[in-house]
Amino acid sequence: MEPEVIEAELVLPTHLNFKRIQMYEKYPKGQSRGRHWKHLKQILQAENYHNYSSDEPNYVNIESPPSMHPCKKICDITGYEAPYYDPRTTLRYANADIFKVIRSLPNEYVQRYLAMRNAAVVLR
């Protein structure tokens, strides 16, 4: 070895972060595993849902008021979010390529797309 190198004891940590801990090291004998599944009754009792008002939506009552946010507009051809719509056919589209496809569609196909969206309009 080179004379400049100083001998030192190498101190390793007891647990390396990249190593997977074995279960017997993590939980010694007689100790619980730590993960217990709760049933719905146990969750409901712990949350005290009977203290909430009946018109406030929670996990117990499935009825909730309609959303205050506007619904998303979806492209009729691709299913992506559609920021645009064609004023001639009233079909929604996502980008310029889909717009070209919409303009090349025959009128009967346009009617079918509108019927699927429940927006069937008679086009002239």
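Both Leu91 and Tyr109 belong to a common hydrophobic cluster when Ile, Leu, Val, Met, Phe, Trp and Tyr are linked at side-chain heavy-atom distances under 4.5 angstrom.
Between Tyr93 and Ile77, the closest side-chain pair of non-hydrogen atoms is not below 4.5 Å. Ile102 has its side chain out of reach of Tyr113: every pair of non-hydrogen atoms, C-beta onward, lies at least 4.5 Å apart.
Atom OG1 of Thr78 is separated from atom CZ of Arg92 by 12.5 Å, given to the nearest 0.5 angstrom. Remark: Thr89 OG1 to Phe99 CZ distance equals 8.0 Å, nearest 0.5 Å. Atom CD1 of Ile98 is separated from atom CZ of Arg103 by 14.0 Å, given to the nearest 0.5 angstrom.
A donor-acceptor contact shorter than 3.5 Å is absent between the side chain of Thr90 and the backbone of Pro87.
Pairing each heavy atom of Ala82 with each of Cys75, the nearest pair is CB-N, 3.4 Å.
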